[in-house]
Amino acid sequence: IRGALCTSFSVICNVGIFVEFILAEYMDFRHAAILTAIISIAFVIGFIFMPESPQFLMSKGNFDKAEKSFKFLRGLSQDEQLSPEAQVDFNEMKEIAKDKSSTESQFKIFKKHIQQPGTIRCILIAVVVAQFPIMSGCFVLITYNQGIFTAADVKVLSVFWSSLAFAFIQIIAAIFTAAYVDRMGRKKILIGSSFSSSFCLAIFGAYMYLKTRTSVDLTTLTWIPLASLLVEVFVSSVGIIPVPNFYAPEILDQKVCSDFI
């Protein structure tokens, strides 16, 4: 369920964006900022009671406290024993911590990891995939949707409702990804999302070219830019945007991720 758990972060972020759009419409900025600050303060107070992460405690040599933290995060009481699978995870974390605390220089550790077969290839793949969210165009469409709709002669109700529609579509897309990413796999979702996003942007680009550079009558096709942009935001939010967030740690060696990411 790693994919579903990581994608849930996108769901939470998109819900937050959706709520902020509503607050900005019906509240002045001061009251909206105060309400958001109250939520942030509540989070800070609640997080005070959270233990340090097991990895941090292990890096300081506090393996007993790390085990207590590990059990807490797994929902176990301190007198319960770890399951065989959880014990394997905990032992792997200990080995990584011991390796990082060795007398070897960071350069030697880096050289040792980088010489492992396939490490460079995986790093290059991770770097390329990490550019997908930025290159998808989704963030530009959401930020400047009103100007884009105006340029395309698309009639929308208001900036508020068009922005709200984009935010809602992102929530639905993130929920879809959380439900199916562990069943379909990362590769299929990334390829399908990338191809679909490219197709939608190509359709929108072709429409704008015909509208601005030719005399073709497009009065009966004004639905095309609206449909292509809405679909583009959806398909981008399904794969291109959320999946790269957890793709790199899955294809790279765990020790490389722990030391250098």
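One-based numbering along the sequence shown. When reading the values below, keep in mind they use all heavy atoms of this one structure, side chains included, and skip hydrogens, waters and symmetry mates.
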Novice: Considering only Ile, Leu, Val, Met, Phe, Trp and Tyr, and joining two whenever side-chain heavy atoms are under 4.5 Å apart, list the other residues clustered with Leu57.
Specialist: Phe56
Novice: Determine, step by step, whether Glu20 and Thr36 satisfy the side chain to side chain donor-acceptor pair (under 3.5 Å) criterion, reporting the C-alpha distance in whole Å, the side-chain angles of both residues, the deciding distance to 0.1 Å, and the verdict.
Specialist: CA-CA 9 Å; Glu20 289 293 335; Thr36 306; 3.2 Å; yes
Novice: Are Phe18 and Met27 grouped together when hydrophobic residues (ILVMFWY) are joined by side-chain heavy atoms under 4.5 angstrom apart?
Specialist: yes
Novice: Locate the shortest heavy-atom distance separating Ile169 from Val233; write the atom from each residue and the value.
Specialist: CG2-CG1, 4.1 Å
Novice: Does Glu25 reach the main-chain N or O of Phe21 with its side chain, forming a donor-acceptor pair under 3.5 Å?
Specialist: no
Novice: Check whether Ile41 and Val19 end up in the same hydrophobic cluster, where Ile, Leu, Val, Met, Phe, Trp and Tyr are linked by side-chain heavy atoms less than 4.5 Å apart.
Specialist: no
Novice: Just checking Asp28: does its CG atom have more than 12 heavy atoms from other residues, nucleotides or ligands closer to it than 6.0 angstrom?
Specialist: yes
Novice: Are Val88 and Glu92 side-chain neighbours, meaning at least one heavy-atom pair lies under 4.5 Å?
Specialist: yes
Novice: Please give me the minimum heavy-atom distance between Ser194 and Ile240, naming the atom from each residue.
Specialist: CA-CD1, 3.7 Å
Novice: Do you know which two heavy atoms are closest between Gly239 and Pro244, and how far apart they sit?
Specialist: O-CD, 3.5 Å
Novice: Verify salt bridge (charged side-chain N to carboxylate O under 4.0 Å, His left out) between Asp217 and Lys211, making sure each step is shown before the conclusion.
Specialist: CA-CA 8 Å; Asp217 184 12; Lys211 180 181 180 301; over 6 Å; no
Novice: Which heavy atom in Ile203 sits nearest to a heavy atom in Ser228, and how many Å separate them?
Specialist: CG2-CB, 4.2 Å
Novice: Using a 4.5 Å cut-off on heavy atoms from C-beta on, say whether the side chain of Pro242 contacts that of Ser237.
Specialist: no
Novice: Taking the side chain as every heavy atom from C-beta outward, state whether Met93 and Pro54 have any pair of such atoms under 4.5 Å apart.
Specialist: yes
Novice: Between OH of Tyr207 and CG of Leu229, what distance do you get to the nearest 0.5 Å?
Specialist: 11.0 Å
Novice: Less than 3.5 Å apart, any donor N or O on the side chain of Glu232 or Ser196 sitting next to an acceptor on the other?
Specialist: no
Novice: Under 4.0 Å between a Lys/Arg side-chain N and an Asp/Glu carboxylate O for Asp79 and Lys71?
Specialist: no
Novice: A quick test of your reading: do over 12 heavy atoms of other residues, nucleotides or ligands sit less than 6.0 Å from NZ of Lys68?
Specialist: no
Novice: If you count the non-hydrogen atoms of other residues, nucleotides and ligands that lie under 6.0 Å from CD in Gln81, is the total more than 12?
Specialist: no
Novice: Take Phe90 and Met58 through the side chain to side chain contact (heavy atoms under 4.5 Å, CB included) test and state the conclusion after the steps.
Specialist: CA-CA 10 Å; Phe90 186 74; Met58 288 180 183; 3.2 Å; yes
